[in-house]
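Computed over heavy atoms, backbone and side chain alike; hydrogens, waters and symmetry mates excluded. Remember, it's 1-based here, ligands and their atoms both numbered in the order they're listed.
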Amino acid sequence: MPIEFAERIRRIPVYPVAGGYDLGEDIAMLASNESCFAPLGAVVEAAQRVIAGGNRYPDPSYSVLRGALADRYGLQPDRIALGNGSCDILLAAGEALLEPGAEVVYAWPSFSVYPHLAAASGARAIEVPLDADDRHDLDAIASEITVATRLVLICNPNNPTSTAIGLEQVERFLDGVSPNVCVILDEAYAEFSLALGDPYASIELLRRHPNLVLLRTFSKVYGLAGLRVGYALCGSVDFRVAVDQVRQPFYLGIAAQAAALEALRHQDEVERRVERTIALRLALEETVRGLGVWVAESDANFIWLHLPEEAVEEDVVRGLAERRVLVRAGGSLGRDGALRVTVGTEGENERFVGALAELL
Ligand SMILES: Cc1ncc(COP(=O)(O)O)c(C=O)c1O
């Protein structure tokens, strides 16, 4: 007789993971919105140094890293939640907030992990279509909030469509949300946004909205996706306490903590890399548009394009992989006939554009 699993195991969607990690060196990995820049030497050294003390568990209060983030953002350390990637905080939020009878509201297509939260908890997921420009429709989202709503997720800039909405819209939306409903503003890509201007302006909103949580990560701008460090800036201590309550105490290893801490000390270089990524993105968008393909106005480190009608998404993705370029098919992310392509190095972007031109 097979093992009998919990009912929710049948409900939880399988996350559309990227393949290609076994394909060797010469492959343009443009499928997971990682940074194309390797971690800084000082960051690697900081992680290596602490491994010598690996016989000890990490400090379960993560006081040094939380303190550094608290200083950087001007918040008390007890309002900083950390996680094994920001996904860890998202899943913990689902566990802490949702249950059968509760509702979670988010736009769709959006980040592939969001549907997992409802499926794992037995809550109802309300997926609100993006508007005609592939942007969040906050009025439509607001109209779906009911007494059963516990959590609203706003991804800004949105993954997979790369689009951002202005902070004044978010502010107006928050003013209309009841304070007992938690709103997570997922800002994994905020630093890459030109539309948002100051990527830290949202922090001000925390002062007026204790139900707001800003979700951020070291995976994108800091280029530490493989180390797994995410954080949340919380409008209230309660959220941080609740997400810590549902997890094991040691969710963040010592090397990851040391790397993140060191990365924070090199903000100038991090910002230079962000600027370089934006320049590469603008060039990539322009070249792809030059092929006659519709590309969304990207505010992230990836682009989102709609394939011409005659193109078959599967064939294009396969053809790109045969040319050693891995991208993400829109179909696996909620929209057929689209592609999500991470901004790579100049060479990787050229390889992608050359291969796409051949295939179209
Ligand atoms: C919108 C969004 N939020 C959160 C994450 C999670 O990032 P991590 O768990 O690496 O911090 C991602 C990763 O791609 C993302 O696209």
Side-chain angles (χ1 to χ4, degrees), residues 15-18 21 29-37 39 62 65 69 80-94 104 106-117 127 130 134-136 151-165 170 183-193 196 199 202 213-233 243 247 251-253 255-257 259-260 263-264 270 277 281 296 298-304 326-330 332-335 338 340-344:
Y15 181 79
V17 288
Y21 288 88
M29 302 280 273
L30 307 181
S32 295
N33 301 345
E34 296 145 333
S35 169
C36 60
F37 301 109
Y62 308 98
L65 182 54
L69 287 165
I80 312 270
L82 289 175
N84 192 250
S86 54
C87 274
D88 186 35
I89 303 172
L90 266 178
L91 296 179
V104 50
Y106 52 88
W108 197 253
S110 195
F111 184 34
S112 318
V113 165
Y114 300 163
H116 184 110
L117 272 58
E127 297 187 342
L130 296 174
D134 279 352
R135 288 195 154 77
H136 273 67
L151 174 62
V152 179
L153 297 157
I154 309 280
C155 190
N156 197 37
N158 188 44
N159 176 9
T161 59
S162 78
T163 49
I165 41 171
V170 176
V183 178
I184 296 184
L185 190 58
D186 185 342
E187 300 188 309
Y189 304 98
E191 289 90 341
F192 297 109
S193 171
L196 284 173
S202 53
V213 174
L214 306 178
L215 192 65
R216 298 211 158 213
T217 181
F218 282 88
S219 297
K220 312 295 176 182
V221 271
Y222 292 100
L224 298 181
L227 275 289
R228 312 301 301 126
V229 191
Y231 60 100
L233 309 175
V243 290
R247 292 179 296 170
Y251 47 71
L252 206 54
Q257 285 183 62
L264 286 174
V270 170
T277 306
R281 176 186 82 207
S298 174
D299 276 291
N301 68 340
F302 56 91
I303 63 166
W304 174 251
L326 297 183
V327 303
R328 204 55 85 88
S332 68
L333 302 171
R335 166 108 17 113
R340 194 194 68 190
V341 185
T342 308
V343 175

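- Here's the thing with S32: none of its N/O atoms is less than 3.5 angstrom from an N/O atom of ligand 1.
- At a threshold of 4.5 Å between non-hydrogen side-chain atoms, the residues W108 and P115 count as touching.
- Interface of A188 with ligand 1, defined as ligand atoms under 4.0 Å from a residue heavy atom, comprises 2 (C), 3 (N).
- When side chains are defined from C-beta on, L65 counts as touching V229, because their heavy atoms get closer than 4.5 Å.
- Heavy-atom distances between D186 and ligand 1 reach below 4.0 Å in at least one pair.
- Polar contact with ligand 1: present for Y189 (N/O pair, distance under 3.5 Å).
- For Y114, the ring-ring contact (aromatic ring centres under 6.0 Å, His included) criterion is met by Y106, F111, not counting sequence neighbours.
- When S86, S193, S202 are each tested for a side chain to side chain donor-acceptor pair (under 3.5 Å) with E187, only one passes: S202.
- The closest side-chain donor-acceptor pair between N158 and T163, if any, does not fall under 3.5 angstrom.
- With hydrogens and angles disregarded, no donor-acceptor distance shorter than 3.5 Å links the side chain of R340 to the backbone of V327.
- Set against the non-hydrogen atoms of K220, the atoms of ligand 1 under 4.0 Å away are 13 (C), 14 (O).
- Protein heavy atom nearest atom 12 (C) of ligand 1, with residue, atom name and distance: F111 CZ, 3.3 Å.
- Any N or O atom pair closer than 3.5 Å counts here, and Y114 shares no such pair with ligand 1.
- Between N33 and R328, the side chains place no donor N or O within less than 3.5 Å of an acceptor N or O (distance only, hydrogens not considered).
- Within ligand 1, the atoms closer than 4.0 Å to a non-hydrogen atom of N159 are 1 (C), 15 (C), 16 (O), numbered from 1 in the order shown.
- Within ligand 1, counting atoms from 1 as listed, the ones closer than 4.0 Å to a heavy atom of C155 are 1 (C).
- For ligand 1, the atoms sitting less than 4.0 Å from at least one non-hydrogen atom of R228 are 8 (P), 9 (O), 10 (O), numbered in the order shown with element in parentheses.
- Contacts with ligand 1 closer than 4.0 Å are made by side-chain heavy atoms of S219 only, the backbone lying farther away.
- By the 3.5 Å distance cut-off applied to N or O atoms, C87 is counted among the residues near ligand 1.
- In this structure, the side chains of E191 and R216 come closer than 4.5 Å at one or more pairs of heavy atoms.
- Considering backbone and side-chain N/O of S86, one or more are found under 3.5 Å from N/O of ligand 1.
- L215 places none of its side-chain heavy atoms less than 4.5 Å from the side chain of L153.
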